[in-house]
Every structure is written in C-alpha cells, then in structure tokens.
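All remarks here apply to the structure that follows.
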Amino acid sequence: MRYAQTMLRTSLAALALVTLGACGGGASKPATTSNTSGATASRVEVGEMTLGDDKKTVKIHADGTIEAPDGKPMGTLTANGEIIVQGKTVATLAADGTVSLGEGAKESATISEEGVLTFKTKNETFTATIGADGLVAGTNPSAGKLVVTGADTAGKKRAAMLVLVVVVSAKSPAPPPATPAGP
C-alpha cells in the first residue's frame, strides 16, 4: 500500500516538487460549498483533465481514476474530495477548503472555492492558481511550465489542485515492497 501511495505522490514529482519553490505567500479564501439537494455537496468536479509538463502527464478521468504517466491507474478522486489509493484515503478536501493529508503530514494546504491553492511548509507559504490558459501560475519559473487541461470550472480546478497537493507533499519515494525469494 505504501508503494502505491508513493507512486501516486511521486509520479508528478518531477513536474511539481520544485514548481512551488519560488512563489510568494498569501492566504486564500476558505472554500464553501452549497447544498441545494439535501445530499452531501461535491467539493470537486471530476472530469477529464491532465496535469503535467511536456515530459510527463497525469490524467484524471471522468470516473475519478487517476492515471500515471505510464498509463497505469494510481488511485481514485471522488466528488466529495477524497483521493483513495488501494482502498485507503490519502487526502481529503474538507468543506472549508482544508486539505487533510493523513498522519504525520508536515505540510498543510487549503484550496479556495475558486481553486486557489495555498500550500504551507514549515518555513514558507506558496500560492498557485490555474489560469484561463491552463498554466499554473505562482510556480518556480526555473522548474518549467506546469499545465492543466480540462479544468474549465472552479470544481475541476479544485480537483486538479487536490491532486497537485498530494504530489507536492510527497516525501522521498519509498522502495517497492520486497519480493519474496523464490524456492
């Protein structure tokens, strides 16, 4: 399970770990959700999107499947703002925009109603947005361009940013599980 989580978190690491490294700080407006149906309101809008650069791209499909650059499924994004890997929730977007990354997370993040990501580490705060052209603004210019396609609504921008949070919060990759020795 840890290996699958690490794969999800590190598949975009080449794209994103340094992209937020040189952007300015700032606070975002907390997200709010409306509930017109009486059911739990969607925190993100799941749809066909890509997140990547000219070398590697992660896809988010309309059914919530998150696909690695190699085409293999990595996890699932739900409309209520959860990223699930092998049956375990690894990130959750709360109604107030707070992102929970699980036990031991040293970073914190919020995603506003408009899809603005504020990511905090011990020493810095970074803010990133997805422009009308899909370019993720507020990123480190030396890291290359990070582009999101298909995020044409605020809900889809929140979905893309939630996936980005999981990627950016990645630690160094864990080794794959040991393979038992043959007979």
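Among all heavy-atom pairs drawn from Gly115 and Lys157, the shortest one is CA-CB, 4.2 Å. Residues Ala159 and Leu77 come closest through the heavy atom pair CB-CD2, 3.5 Å. Nearest approach of Leu162 to Gly81, heavy atoms of both residues: CD2-O, 3.5 Å. The two residues Leu117 and Ala109 make their nearest non-hydrogen contact at CD1-CB, 4.1 Å. Closest of all the heavy-atom pairs between Glu107 and Leu101 is O-CD1, 4.1 Å. Residues Thr153 and Glu45 come closest through the heavy atom pair OG1-OE1, 2.7 Å.
Evaluated for a side-chain hydrogen bond (donor to acceptor under 3.5 Å, both in side chains) with Glu48, the options His61, Lys59, Lys156 yield exactly one hit, His61. Tested against Val116 for a side chain to side chain contact (heavy atoms under 4.5 Å, CB included), the candidates Ile111, Ile130, Thr129 yield a single pass: Thr129.
In this structure, Val58 is a member of the same hydrophobic cluster as Ile83, with clusters built from ILVMFWY side-chain heavy atoms closer than 4.5 Å. A single hydrophobic cluster is seen to contain both Val90 and Ile60, as judged by linkage of ILVMFWY side chains at heavy-atom distances under 4.5 Å, directly or through other members.
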side-chain contact (heavy atoms from CB on, under 4.5 Å) evaluation trace for Leu93 with Val165: CA-CA 10 Å; Leu93 177 63; Val165 166; over 6 Å; no
task: Kindly indicate, with the supporting measurements, whether the criterion side-chain contact (heavy atoms from CB on, under 4.5 Å) is fulfilled by Val136 and Val147.
output: CA-CA 6 Å; Val136 179; Val147 178; over 6 Å; no
- request: Could you walk me through whether Leu51 and Leu146 pass the side-chain contact (heavy atoms from CB on, under 4.5 Å) test, one step at a time?
  value: CA-CA 7 Å; Leu51 174 62; Leu146 182 61; 4.0 Å; yes
message: Please determine whether side-chain contact (heavy atoms from CB on, under 4.5 Å) holds for the pair Asp63 and Val46, giving the CA-CA distance in whole Å, both sets of side-chain angles, and the decisive distance to 0.1 Å.
response: CA-CA 7 Å; Asp63 67 356; Val46 180; over 6 Å; no
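No side-chain heavy atom of Pro73 sits less than 4.5 Å from a side-chain heavy atom of Glu67.
In this model, a donor atom of one side chain and an acceptor atom of the other lie less than 3.5 Å apart for Thr149 and Thr50. For the residue pair Thr121/Asn123, the side-chain donor-acceptor check at 3.5 Å is not satisfied.
Although no hydrogens or angles enter the test, the distance criterion places a donor-acceptor pair under 3.5 Å between the side chain of Arg158 and the main chain of Arg43. Ser112 places a side-chain N or O within 3.5 Å of a backbone atom of Glu114 that can act as its donor or acceptor partner.
For the atom pair CD1 of Ile84 and OG1 of Thr89, the computed distance is 4.5 Å after rounding to the nearest 0.5 Å.
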